[in-house]
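These notes are about the structure you will find just below.
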Protein chains: 2
Amino acid sequence: MTAFIGEFNCKLDEKGRLSIPSKLRAQFPEAVGNTLVVNRGFEKCLVLYTKEDWLDETAKLNAVDDFMSPDIRRFKRIFTNGANLVQIDGAQRILVPKKLLEYAELSAEVILVANGNKIELWDQAIYESELNVDAAEMSQLAQLFHQQRNQG
Amino acid sequence: MTAFIGEFNCKLDEKGRLSIPSKLRAQFPEAVGNTLVVNRGFEKCLVLYTKEDWLDETAKLNAVDDFMSPDIRRFKRIFTNGANLVQIDGAQRILVPKKLLEYAELSAEVILVANGNKIELWDQAIYESELNVDAAEMSQLAQLFHQQRNQG
DNA sequence: TTCAATTTCCCACAATTTCCCACAATCTCC
DNA sequence: GGAGATTGTGGGAAATTGTGGGAAATTGAA
């Protein structure tokens with residue numbers, strides 16, 4: 001599994017193209033070729049995967065049997081339905097599908113945040129508010145994390 | 001895991017480059033190669049890790065599933081936000097990303113403080129005021145530390 | 001078929017980053 | 001203390017990257 005690192009300020013041009021910072025591009029395994037997968041994130045952001053990692057993710061999803069419940073089927077459908085293949089062009093850019101642009105409310109100033117096998121794409125303003133926590137809230141979050149990790 | 005020791009006065013040049021003191025460089029395991037990870041610290045400072053140590057840290061985080069809750073995702077984001085790979089150049093320098101320079105309000109005079117697998121990078125003036133505690137406050141802090149450690 | 005709209009491909013300029021060299025300062029060893 | 005080696009600092013030049021926009025190609029609708 002790939003493990004991407006980095007946070008990058010990027011710009012979307014008028015055509016909705018996002019140029020991938022060379023430092024991030026350099027982290028792609030050779031095998032990636034020129035294809036990525038973009039999907040909606042849970043929050044107001046998009047998520048990029050290599051095609052391989054995306055297939056792994058969906059494989060995990062599909063390991064859960066559809067017979068189980070309507071909710072399972074619904075979740076799988078919704079989760080998968082935003083996914084799009086995108087091509088990296090000669091200038092290391094991808095064209096972000098319009099629907100997804102709108103979903104994540106992306107303006108010209110965006111942020112790419114890599115962590116693990118996911119690369120999140122945020123509008124800069126929204127990202128900053130997402131990260132803006134005061135100390136009290138932070139320690140609450142930490143506590144929650146602690147609990148949930150131990151529940152597993 | 002690496003265990004760094006030492007405190008060093010350093011200078012940032014006009015291009016935002018930080019030259020790593022040879023005494024610190026000598027503590028890097030061979031395997032580090034020329035790559036480090038810089039991230040925001042909780043306080044107004046930056047933190048350097050070897051890439052390996054950083055991946056260990058994030059692996060612990062990513063062991064908790066993103067599907068679990070929005071708070072989990074948020075916590076992970078806040079924790080990893082700002083991380084960037086940096087290369088050590090031929091003159092044993094790293095280029096500190098502009099965003100992070102601004103975040104930690106670094107001027108030309110900075111301090112590197114090594115502790116465990118982390119190396120903190122502070123603006124000198126800010127660092128000094130951070131360390132400026134009187135005896136009473138110090139013993140109060142120690143008490144707090146003691147309590148919170150035992151609560152775990 | 002024709003026209004308009006979108007997409008893809010390509011080129012070019014500007015800004016940044018990287019690489020390299022050189023000098024100054026410091027340290028080390030004799 | 002002095003000479004040589006190592007380290008810290010600065011800056012110039014080349015290479016790379018980011019960004020914008022134009023033109024060709026493709027698509028879809030009338």
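Just the heavy atoms: all of them, side chains too, but no hydrogens, waters or symmetry mates, feed the values below. Quick caveat, the model's predicted, so the values are computed rather than measured.
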Check your understanding: Going by the angle between their ring planes, with limits at 30° and 60°, are A:Phe79 and A:Trp54 parallel, tilted or perpendicular?
Key -> parallel
Let's see if you can work this out: which of [options] has an atom nearest to the side-chain heavy atoms of [X]?
{"X": "A:Lys98", "options": "D:dG20, C:dT6, C:dT18", "answer": "C:dT6"}
{"X": "B:Leu95", "options": "D:dG21, D:dG20, C:dT17", "answer": "C:dT17"}
{"X": "B:Arg93", "options": "D:dG10, D:dG20, D:dT19", "answer": "D:dG10"}
{"X": "A:Ser19", "options": "D:dT19, D:dG11, D:dG8", "answer": "D:dT19"}
{"X": "A:Ser22", "options": "D:dG10, D:dG20, D:dT17", "answer": "D:dT17"}

Review point. With pairs taken as Watson-Crick or G-U wobble and both distances under 3.5 angstrom, which stems of at least three consecutive pairs involve DNA chain D?
Key: C:1-30 with D:1-30
Practice item. Go through B:Leu101 and B:Leu12 one step at a time and tell me if the side chain to side chain contact (heavy atoms under 4.5 Å, CB included) criterion holds. Key: CA-CA 10 Å; B:Leu101 278 182; B:Leu12 280 176; 3.6 Å; yes
Rounding to a whole Å, what distance do you find between [X]:[atom1] and [N]:[atom2]?
{"X": "A:Asp13", "N": "D:dG21", "atom1": "CG", "atom2": "C1'", "answer": "9 Å"}
{"X": "A:Leu12", "N": "D:dG21", "atom1": "CG", "atom2": "P", "answer": "15 Å"}
{"X": "B:Ile94", "N": "C:dT17", "atom1": "CD1", "atom2": "C1'", "answer": "15 Å"}
{"X": "A:Phe8", "N": "C:dT16", "atom1": "CZ", "atom2": "C1'", "answer": "15 Å"}
{"X": "B:Arg17", "N": "C:dT18", "atom1": "CZ", "atom2": "C1'", "answer": "9 Å"}
{"X": "B:Asn34", "N": "C:dT18", "atom1": "CG", "atom2": "C1'", "answer": "13 Å"}
{"X": "A:Leu24", "N": "D:dT16", "atom1": "CG", "atom2": "P", "answer": "19 Å"}
{"X": "B:Asn9", "N": "D:dG8", "atom1": "CG", "atom2": "C1'", "answer": "13 Å"}

Check your understanding: Would you say the side chain of B:Lys15 and the base of C:dT16 hold a donor-acceptor pair, judged only by whether the two atoms sit under 3.5 Å apart?
Key -> no
Determine the contact category for [X]: base if any of its heavy atoms lies under 4.0 Å from a base atom, sugar-phosphate if only primed atoms, P, OP1 or OP2 are that close, otherwise nothing.
{"X": "A:Lys11", "answer": "sugar-phosphate"}
{"X": "B:Ile20", "answer": "sugar-phosphate"}
{"X": "A:Lys23", "answer": "sugar-phosphate"}

Exercise for review: Determine, step by step, whether A:Val110 and A:Gln124 satisfy the side chain to side chain contact (heavy atoms under 4.5 Å, CB included) criterion, reporting the C-alpha distance in whole Å, the side-chain angles of both residues, the deciding distance to 0.1 Å, and the verdict.
Suggested key: CA-CA 5 Å; A:Val110 297; A:Gln124 183 167 21; 6.0 Å; no
**Study point:** Criterion side chain to side chain contact (heavy atoms under 4.5 Å, CB included) on B:Asp123 and B:Glu105, from CA distance to verdict
**Key:** CA-CA 7 Å; B:Asp123 181 76; B:Glu105 296 179 23; 5.5 Å; no
Practice item. Test A:Asp66 against every option in A:Arg73, A:Arg77, A:Lys76 by the salt bridge (Lys or Arg N to Asp or Glu O under 4.0 Å) rule and name the one that passes. Key: A:Lys76
Review point. On DNA chain C, nearest-nucleotide positions of B:Asp89 versus A:Ala91: which is more 5'?
Key: A:Ala91
Review point. Around B:Asp89, counting heavy atoms of other residues, nucleotides and ligands shown, do more than 12 lie under 6.0 Å from its CG?
Key: yes
Practice item. Evaluate the criterion side chain to side chain contact (heavy atoms under 4.5 Å, CB included) for residue pair B:Ile119 and B:Phe8; output intermediate values, then yes/no. Key: CA-CA 10 Å; B:Ile119 304 167; B:Phe8 310 89; over 6 Å; no
Review point. Within the side chain of A:Asn84, is there an N or O that forms a donor-acceptor pair under 3.5 Å with the backbone of A:Gly82?
Key: yes
